[in-house]
Structures are given as structure tokens and as C-alpha cells.
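Reading through the C-alpha cells given below for one structure.
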Amino acid sequence: MKVTLLLFSVAKDLAGFDTKELEVPDHATTDDVLEMLSKLNSGFLAWKGRLRFAVNQEYVPPNFELHPGDEVAIIPPVSGG
Amino acid sequence: MKVTLLLFSVAKDLAGFDTKELEVPDHATTDDVLEMLSKLNSGFLAWKGRLRFAVNQEYVPPNFELHPGDEVAIIPPVSGG
Amino acid sequence: MMIRIANEPIDLQSIVRSVITPESGGINVFVGTTRNHAGGRSVDLLEYEAYEPMALKMMHAIVEEAKERWPLHAVAVVHRLGRVEVGEVSVAIAVSSAHRKEAFEATRFLIDELKRVVPIWKREYFSDGSVEWSQQTDEQVVSSNT
Amino acid sequence: MMIRIANEPIDLQSIVRSVITPESGGINVFVGTTRNHAGGRSVDLLEYEAYEPMALKMMHAIVEEAKERWPLHAVAVVHRLGRVEVGEVSVAIAVSSAHRKEAFEATRFLIDELKRVVPIWKREYFSDGSVEWSQQTDEQVVSSNT
């Protein structure tokens, strides 16, 4: 299935892109996405504990299951204000 | 001795004036001033516990002794803000 | 340090700008406006009077106390006098600090202290035509119908 | 309810005016400005980016939560994006209530929550030429020299 991946801040810098149509296995989870990214750049491993995921613009619990067409965003520690 | 009396808010309304050169006995205190005003308008008695005095633009303790030329102000409950 | 009594409308932008420093990370601002009710009764207008020289002295004194208690960068306190319509600004206090916690605490302290010690009085013009000195603390109301 | 992401300088007067209602007695405002230092190093400029649709959703969500917790009259939250010079306003939050206590508490809650959950990131342009994503909590700094 296809999901849309959005990356911001340090995650964007680590990946080298800010948005991508991603092909993932059925029932893939946010952990699986992070694993795919870690293969691209092992720097993601060091950030693992501090990256949150949002699916369709809502924060989701760890290892959240994805569905076709989901908008999946990686949210590094926010620093607004 | 002479002091300058300033009245504000309800105290001004009770006295009917806002400033007066007042002749008081030597060693007169703020309590003595309030007693003089109470003779002018007994309405001051009801307010006694809630009127503060300032002498030369500083709050003073109860029954504070006055000196010639003092600027004596009666400060009803303030309501700025 | 902008500490003043104003006879004209208060300009918030200039008050906030006066406390911004390059070191400041957090600015807190309290704005008091005229309410359309007091003690359950409808109010049309407020009128403020002050013992001006002492009011300014006390405003400086409470600012000095706030600066002793918290590491502040700058403070502004402006209070309006005269007639103030419903919805208009009667008082504005702005405080800047490196961190927001201190700015919040100092602003709260300053408005609480201002209301406690600064010799300023407001007269409420009620919709029923009566005019009274404000009784902030549910104290006996002295009427002065005009 | 003024809840926006702004690409232009923030106008404080209009933000405060947007929360004044005839019933309001106390308005509290938090203003965040760009500081000239971070972690002991000199900063020239900040640049903010956001996950905009989610940032707006979260801004609405925290405002709704504040309105459930406190009896508020009106709330405004505006965050700036893009380059913000030292001393310029990056965020402004204004809250009106009948009494000041609630306005102070709700404003404090809103800026704390905004900094915790709203997906906005700032990049610090240091005077030494390096550019880094801000690490608010003394976390490991990831450098991205440009």
C-alpha cells in the first residue's frame, strides 16, 4: 500500500527530502517506517526515542498501524514559541 | 501648626472639599485629623477602619504624628486597575 | 522604564515594544479593560482619578520590588485617568524576562499590588443613572447620585 | 477566535483588540520574541517552519482545552513563520476573562502547551555562521552547517 511521508526539521535533514510517496507492506506500522528510514540514514537510530509520529495530522501511539493513503508525519521535538 | 489636607474619592464626597490648609495642635496625629473631619460629617465614622493615611506621599502607620507643613492625604480603599 | 499616568488612550504596541530587549525570551502583558457590569449592575462608563504624585511614586515602588524578586529585563506600567468607555483599556503592565515563568509571576504581582496600594479610584456610571465610587471588595456602597 | 499562522509581522494591538469583550475585566497576553542567545551562544536570526495544517489543528485543540478548563471570553493565538530577527515577535497569545486569575492561568497553559505539542520548529542562525535546529531541552545538538 502507499502512504505519504512528511518529514520536518532534523528528520528532513537526515532523510534529505521533506515528502515522499512510500510503498509499505500491508499492516505496516510507524516503527516499520522508521526502520526503512534508518536503513537510508543510520542517524535516525539515535533519534528514535525522540521522534513522534502523526498520522493524518493527529499524534498517534507508538507502533501505530497504517492504512492506505495515510499522511504519515515524523515530528521531531517541537520548538515553537 | 498648619498641614495641607488632601481628600479623595468617598472622603472628598463626605467632606465636600478636596484640599484644605488645616490648623492642628502641635503633635496632632492622623487620628486627630479624622476626629476633626468626623465633627464636620459623622459619615466619616463609618469609614474609619477603611481609610488609610499618607503623609508626604507615603503610607503611614495608624495614629501617626504630624509635623508643620506635612501633606496629609486620606486614602479610601483604592480601586485602580 | 515606562511608568506613567495617561490622559489619552493607551497604545499597547508601544508599551510592549518598550520592554523588548535583545536578551528577552518571554514577555507577559496584563491589560485591564472597562467591564459593562459591576456587582450585577450594568455599567456605561468608568472615570478614574488619582493622587497623582503618590500614585507614580507607588508605581515606581512596586516595580522596584518586582525587580528585586525576579530577574526582569524591563517593565512598563501605564494607568489611564479620566473617562474610560466600556471595552477601552484602563491599565497595561508589560514585563520582559529571559524566561516566561518570571515574566508571568512578576506581571501577576504587579497588577495585584497596583490594585492594593496605588492611590487611584474609579467611579462607576451605572446604566440606571447613579454614579458610585467602586467598592472592589463587596464593601458597603456609598452612593453619590449626580 | 483569531488562531493563525502568520508570514508577516504580528500586530499586537489587533490581537489584543480581538479578545476584548464588554464583559471582560482581565486580559493576559504572552509575547515571545527572538532572543540574541541560545545555550550560551550568540544568535543573529531565527527561522520558523511548521507542519501547517496540523499546527493549526493543534492550536485549535489547545484553545478548546483551555476553554473547557477556564471560563474564558475570547482567545487569540498567532505564530509567525519564516525569518524572525532578534527582538521581533514570534508568537502572541491573548486571553480575556471576567477576572484576571483565569486569564493568567489560561495564557500560561496555552504557551506551555503550544511549546509542547504544536508542530513548529525553529532554526537558530548563530553568529559563528552555523545553523542548527533548536534543541529546547539541552538535548544533543544536530548540526546542519550551511
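Proteins get letters first, then strands, A, B, ... in listed order; numbering begins at 1 in each.
The minimum heavy-atom distance between A:Ile75 and D:Trp121, with the atom names listed, is CG2-CZ2, 3.7 Å. D:Val117 and A:Val78 get closest at one heavy-atom pair: N-CG2, 4.2 Å.
The backbone N or O of A:Asp13 sits nowhere less than 3.5 Å from a side-chain atom of D:Trp133 that would complete a donor-acceptor pair.
Residues of residues 48-74 of chain D placed with any heavy atom under 4.5 Å of a heavy atom in chain A are listed by number as D:Tyr48, D:Glu49, D:Ala50, D:Tyr51, D:Pro53, D:Met54, D:Lys57, D:Met58. Against chain A, the residues from residues 83-103 of chain D that qualify, each with a non-hydrogen atom under 4.5 angstrom away, are D:Ser90, D:Val91 in number order.
Interatomic distance, OG of A:Ser79 versus CZ of D:Arg123, reported as 11.0 Å (0.5 Å rounding).
Open room surrounds CD on A:Glu35; 12 or fewer heavy atoms of other groups in view lie less than 6.0 Å from it.
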